[in-house]
Enquirer: 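Handing you this structure, nothing more for now.
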Amino acid sequence: VEKSGMIDTWLRKHSLIYTGATRHPFILGIRDGTVDLSAFKTWLGQDYLFVRAFIPFVASVLIKAWKESYNSSTDMEVILSGMASLNEEISWFRSETPKWGVQLSDIVPQKANQDYCRFLENLMSPDVEYTVAITALWAIEAVYQASFALCLEDGAKTPAELRQTCERWGNDGFRQYCNSLQQIANRHLQKASNDLLTKAEAALLRVLEHEVGFWNMSRGEA
Ligand code: HMH
């Protein structure tokens, strides 16, 4: 098996679930302008809670990068830039939610969100290898990048009031950040044992399943 470009190999192998996560009916609804705004509000509130749990996960990946002596300073720079964006993202949620009549203090985490956050917490364990954690981090970010970029493509009928949300994850800087994470993940997967590759591939699949579950939940289907 050719180990370089492992991520692309896995995306081809698991294209059905990857497409399920990145072209979900919730996203297609934003793109064609038919999205149910109550679903959008559910997503917005739940995603705020998700991001709050996601930040400590990213911090745990940063710690793992630091513990890897090999080339870790460039990895750390990329991960740290992601953390800086998350700081700004939390402020965005705080200013965006009142516009939609969503009160942050009232949001109760739904089951799919809880399940996803518990999965993140398990990945924070020091027993989870850096290669597995960075693969999961890439996948989590890449699903949002691919999904929201779709809503900004030529011909998309994304409602004006949702464009800013789509630009948050669909913009070019975020695409480049995802590409950097993918390169880092590929570099570590390239030198990984078969056992580690199996774990990283499983983590990628779990992320894709949780992302589908999160979109389903937003549409009131979970
Ligand atoms: C559910 N997945 C979910 N929320 C997010 N904000 C991201 C990924 C991030 O990029």
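Whatever order the structure lists ligands and atoms in, that order sets their numbers, starting from 1. All figures in this text were calculated on a predicted structure; none of them were measured in a lab. Numbering of residues begins at 1 and proceeds along the displayed sequence.
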Enquirer: Below 4.5 Å, heavy atoms only, C-beta onward: do Trp169 and Gln145 meet side chain to side chain?
Expert: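 They are not in contact (no side-chain heavy atoms under 4.5 Å apart), so the answer is no.
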Enquirer: Among the clusters formed by ILVMFWY side chains lying less than 4.5 Å apart, do Phe40 and Leu28 turn up in the same one?
Expert: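 Result: yes, single cluster for both.
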Enquirer: Taking salt bridge (charged side-chain N to carboxylate O under 4.0 Å, His left out) as the test, write out the residues that go with Glu121, two or more places apart.
Expert: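 If we apply the salt bridge (charged side-chain N to carboxylate O under 4.0 Å, His left out) test to Glu121, skipping adjacent residues, there are no hits.
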Enquirer: Distance-only criterion, 3.5 Å: show the donor-acceptor pairs between side-chain atoms of residues 46-62 and protein atoms not counting sequence neighbours.
Expert:
{"unit_1": "Gln46", "atom_1": "OE1", "unit_2": "Gln110", "atom_2": "N", "d": "3.0"}
{"unit_1": "Gln46", "atom_1": "OE1", "unit_2": "Asn113", "atom_2": "ND2", "d": "2.9"}
{"unit_1": "Gln46", "atom_1": "NE2", "unit_2": "Val108", "atom_2": "O", "d": "2.8"}
{"unit_1": "Asp47", "atom_1": "OD1", "unit_2": "Tyr144", "atom_2": "OH", "d": "2.9"}
{"unit_1": "Tyr48", "atom_1": "OH", "unit_2": "Arg52", "atom_2": "NH1", "d": "3.1"}
{"unit_1": "Ser60", "atom_1": "OG", "unit_2": "Phe57", "atom_2": "O", "d": "2.6"}

Enquirer: Excluding sequence neighbours, so at least two apart, what forms side-chain hydrogen bond (donor to acceptor under 3.5 Å, both in side chains) with Gln176?
Expert: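 Gln176 satisfies side-chain hydrogen bond (donor to acceptor under 3.5 Å, both in side chains) with Asp172 once adjacent residues are dropped.
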Enquirer: What residues come within 4.0 Å of ligand 1, counting heavy atoms only?
Expert: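 Its neighbours under 4.0 Å (heavy atoms only) are Asp47, Phe50, Val51, Tyr116, Ile140, Glu141, Tyr144, Trp169, Glu211, Phe214, given by chain and number.
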Enquirer: Under a 3.5 Å cutoff, is there a donor and acceptor pairing between the side chains of Ser38 and Asp36?
Expert: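 Per modelled atom types, Ser38 and Asp36 side chains form a pair under 3.5 Å.
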